[in-house]
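Throughout, a chain's letter reflects where its sequence line sits, starting with A, and its residues are numbered from 1. The model shown is predicted, which means the values in this text are computed figures rather than measured ones.
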Amino acid sequence: MKEVTKMSDDFDRWYTDVVRKAELADWSGVRGMMVVRPYGWAMWEAIMRAFDDMIKESGHENWAFPLLIPREFLVKEAEHVEGFAPEVAWVTKAGGSMEELEEPLAVRPTSETIIGPLIKRYIQSHRDLPKLTNQWNSVVRWEMRSRLFLRSREFWWQEGHTFHASAEEAMEEADLILGYYRSIAEDWLAVPVLTGMKSPAETFPGAVHTLTVEGLMKDGLALQMGTSHYFGQNFARAYDISFSNKENERELCYSTSWGISTRLVGALVMAHGDDSGLIVPPKVAPIQVVLVPIFRDADSRAKVERFINSWAPELKAGGIRHRVDWRDERPGDKYAHWELKGVPIRLNVGGRDADAGQVEMVDRLSRERIIVPVSGIAKRLRNELDAFQTKLFDRAAKFQRDNTSELDTLDEVVAHFREKGGFVWTQWCGEEDEEERIKADAGGVTIRTIDQNAKASGRCLVCGRPAKFRVALAKAY
RNA sequence: CGGGGAGUAGCGCAGCCCGGUAGCGCACUUGACUGGGGGUCAAGUGGUCGCGGGUUCAAAUCCCGCCUCCCCGACCA
């Protein structure tokens, strides 16, 4: 019926099949612009709720800033503009007769350049700081090659922008958010990540440094799952965002920005899915438990329905997101359907079960059938869901371990990536030429992150000079 | 952006070369049988043939322009 290409046959096709057939998202007819369908959006909503709670807890506030950015604002921070220029979309005409605008307006590719000049009004004194803002919105980047969730011309995200009175505080902010992102990836999406700093070449345009969260997908490619940038005073200088400090001296703010996007839905698909479809971590699953009633006629249906109604309210009371699939389909169809959608736990409930006061429980990972009594079922399911979340993370962590190696020379790295993907830890001197050499020789392999915890030891894999950094290499999306 | 291919029902396709009443499979609707791992039979619904223009008595079919999608490459991550 709804056949999905096997992952081992063609990973890219498998991904597209799963995203579309599990009803996460679709293309829209406007090139590169996607429709996020309710099942996919619900996962994003779960991520939004989780992250929004985290930042509210630490004093951040949600704002809404304009979609369109005057050109004069956009071009003020030189490095930033240069970085984004190739992918900015412009509004140049408006009105019924398509009149040319005097000043073209950029559709935001990110909002640093509009928030800077606007927020300065609200920052005069050190007493106004820190200013911790965030906005949930969509941005447009005119990409040439698009993939559902991973690279579309419009995507939905949060962008946090914060302003501080000291460099230390701003850097701490960037670190704090990186920790939140790690938690979203690992605790919510069950995707283990490497965290650390980007190399200068991979640093966000205009930033002093960029911190990143990198996950590993089942095809061995790395995926950037969130970034947190420390700007120093770069943006404050460009937009004159300043405050009077305690000594009544004028001083430029230190700022940060950080974002995670709907790309994370793609990450969850590629980190956990299998040939039968999605496997959704319970904490972000729109449906955590699906009940498949089994019946043949009105009488047997009524019997099963009475049975389900006698205990299903406990699930609701227990905060378990569940659904009963009363569609008039064959049970086998429904099993396949909900497996494609990646629902963690399924309960098969028929007349025999009603008589025995039990259900048949099947989890999406093991697919083993276990008979479970309905008394105390909400608590049992809560435990099963928690265990499922842990098992999913452990499985992904094992995959990451099994696909992470430590190599010393460029030759070894090139040979490695000819055969397989994954992360490779190695030593690097810190020079951009050497970084480019890796990319050229190893077929697009890049430095995903610099280890912030371990000191470098040994020699640079390319030039053999003493290494300054321990870095993780991978091919990436 | 370069090379190649394609747009006909929700999806997958035939019809186009050689102009003349728009078809097939799946899905969908209805009914019957069925029902603990992807059912069977029957009867139905559903179309600006991607968009715009041209040629013609007549265009899904021929000609011109545009749009969108897929594959390979380039670029980007």
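- Taking atom CE on A/Met33 and atom C1' on B/rC69, their separation rounds to 16 Å, with Å as the unit.
- Of the candidate nucleotides B/rU68, B/rA77, B/rG38, B/rA77 has the atom nearest to the side chain of A/Arg145.
- Base engagement by A/Gly351 is indicated by at least one non-hydrogen atom pair under 4.0 Å involving a base atom.
- Within a 6.0 Å radius of CD in A/Glu100, other residues, nucleotides and ligands contribute more than 12 heavy atoms.
- Comparing atom distances between the A/Lys439 side chain and each of B/rG38, B/rA77, B/rG35 picks out B/rA77 as nearest.
- Atoms CZ (A/Arg13) and P (B/rC69) sit 16 Å apart, rounded to a whole Å.
- Rounded to a whole Å, the NE2 atom of A/His337 is 14 Å from the C1' atom of B/rA27.
- The nucleotide whose nearest atom lies closest to any side-chain atom of A/Asp333 is, among B/rC28, B/rC70, B/rG38, B/rG38.
- Looking at heavy-atom distances under 4.0 Å, A/Arg330 makes contact with a base.
- Contact of A/Asp328 with B/rG35 (side chain to base): a donor-acceptor pair of N or O atoms is detected under 3.5 Å.
- Judged by atom type and distance alone, A/Asp353 reaches the base of B/rG36 through a side-chain donor-acceptor pair under 3.5 Å.
- Within 4.0 Å (heavy atoms only), A/Arg346 reaches at least one base atom of the nucleic acid.
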